[in-house]
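Below you'll find the structure, written out as structure tokens, and then a few comments.
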Protein chains: 2
Amino acid sequence: MSKPDKKSRDAEKVARRRRSLAQAAITVIARKGLPGVTLADVAREADCGYGLVLFHFETKDRLLLAALDALVEEYRAAWHARSDAHDDAVARLEALIDLDLGSAVTDLRHIAVWTAFWAETSRNADYRARFSELNRAYLARLEPLVGTLAEQEPPAADCRLIAGGLSAILDGLWIESQIGHGLGEADWARARAICRAYLGAFFPKSFGAETNR
Amino acid sequence: MSKPDKKSRDAEKVARRRRSLAQAAITVIARKGLPGVTLADVAREADCGYGLVLFHFETKDRLLLAALDALVEEYRAAWHARSDAHDDAVARLEALIDLDLGSAVTDLRHIAVWTAFWAETSRNADYRARFSELNRAYLARLEPLVGTLAEQEPPAADCRLIAGGLSAILDGLWIESQIGHGLGEADWARARAICRAYLGAFFPKSFGAETNR
DNA sequence: CCGTAGACTGACTGATCAGTCAATGACGAT
DNA sequence: ATCGTCATTGACTGATCAGTCAGTCTACGG
């Protein structure tokens, strides 16, 4: 019984180390951008020796991919948690908007990292695969919510287009938050207002002006 | 009279060379991304010696900034041309959407370059200044157009929010076109449909379903 | 026809960095 | 106590690249 015990303890230790390195990579990416990441930076951030980084991830590319995977997983978890906390479609949509444009995921650290990976997407098939899977999953969550609203008040456009538009708005607002550098809470409030106006235009009863909080 | 003549001819020659180098830089950025650009690459692309690049732009950073300026100027020109070609607000908005999501600016070469610069925005104040000025100018064009429509049929939301939302949608659809890698004409048609649905939701008379072409 | 200004060239230098590797330490098993 | 395994370390190597510089070429002015 002690053999599997040790094995599993070791495996967990390794997994923890890998996670800590991926997190360190994310932090460094946020500070220096994808091109600026140095294995030495990551090692320093993770508080370990240089060689260890390449011991766990054989190349820099694999480390960065692991960082992206961690980022995606983090986001997906936050998103499930937020949306599962509510029952009705309106509240779920509000929760998703708050997640993307509230103060939680929203710190610049994260957004800068997303855009860093976006920029490499056209050259890196692995990144592309991660993003298109994430996008697919996101739309698969969004479309039924929009569909539920559509049952109560038929909108002027196809549900898929409405969901696709919301997803695009959220991405676009993220980018614009980068060029605004920082953004105060007022700007985030404006961003959320844009989303609510969008949904309110299609579903005035559910997302009308009185739904402000 | 021959002195100013020569001087101006020389100045033009220099300007042409600088432009050609900036264009070469854009091409290389599209292929290899901002981090991947090498002065040697740019020199090869512009068909000149290595040293010339640094003779005209003292550092790599300045060359990249010039490339961004060229890109912005190109975009702004296309955008003025397109929108000045029409008189009524609806046609102008359609023209802007076609510009961003049609096949002209839309080749991946350009979009990949924009996202490459976006990714560095949080670290580079010069890029940030360019983008926020461009965004400001873009909204300044968009808001009056939306305002004109609003005179005929008052929308459910503030014109500024509607214009901001359209701008965000366009940015977001650009990003998503990157992760789709390439996108066929069908995807661009969907992107345009999303924009038209957006405007149609606020201005059903002007952008209703029958406005398809 | 010479002189010179400035566009243009590419070999060279120094710095940086990914990846290698030989050595060390920690720890459980025997 | 001894061994084996494996995480861990950091000095070293080779490659790459921005930026320098000493020089060439071109064309115009005198």
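Letters A, B, ... mirror the listed sequences (proteins, then strands); counts begin at 1.
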B:Leu21 has an atom CG; how far is it from atom C1' of C:dT9, in whole Å? 14 Å
Decide, yes or no, whether a salt bridge links B:Arg196 with B:Glu94 under the criterion of side-chain N to carboxylate O below 4.0 Å. yes
Check the distance between D:dC28's C1' and B:Lys13's NZ and give it to me in whole angstrom. 12 Å
Could you give all pairs that pass the salt bridge (charged side-chain N to carboxylate O under 4.0 Å, His left out) test and reach residues 19-31 of chain A, with sequence neighbours left out? A:Arg31-A:Glu45
Nucleotide D:dA7, atom C1' - distance to CZ of A:Arg18 in whole Å: 14 Å
State plainly whether the residues A:Asp69 and A:Arg130 are in salt-bridge range, i.e. N to O under 4.0 Å. yes
Would you please say whether a donor-acceptor pair under 3.5 Å links the side chains of B:Glu120 and A:Gln178? no
A:Arg17 CZ to D:dC6 P, in whole Å, measures 17 Å
How long is the line joining CG of A:Leu39 and P of D:dT9, in whole Å? 14 Å
I need the CG-C1' distance between B:Asp41 and D:dT16, as an integer number of Å. 12 Å
Which is true for A:Val42 with a 4.0 Å heavy-atom rule: it touches a base, it touches only sugar-phosphate, or it touches nothing? nothing
Whole-Å distance separating the NE2 atom of B:His56 from the P atom of C:dG6: 13 Å
Could you tell me how far apart A:Arg16 (CZ) and D:dT8 (P) are, to the nearest whole angstrom? 11 Å
Salt bridge B:Arg190-B:Asp187, side-chain N to carboxylate O under 4.0 Å: no
Check ion pair A:Arg141-A:Asp84 (N to O, under 4.0 angstrom): yes
Does any residue of residues 45-55 of chain A have a heavy atom under 4.0 Å from DNA chain C, and if so, which ones, in number order? A:Tyr50, A:Leu54
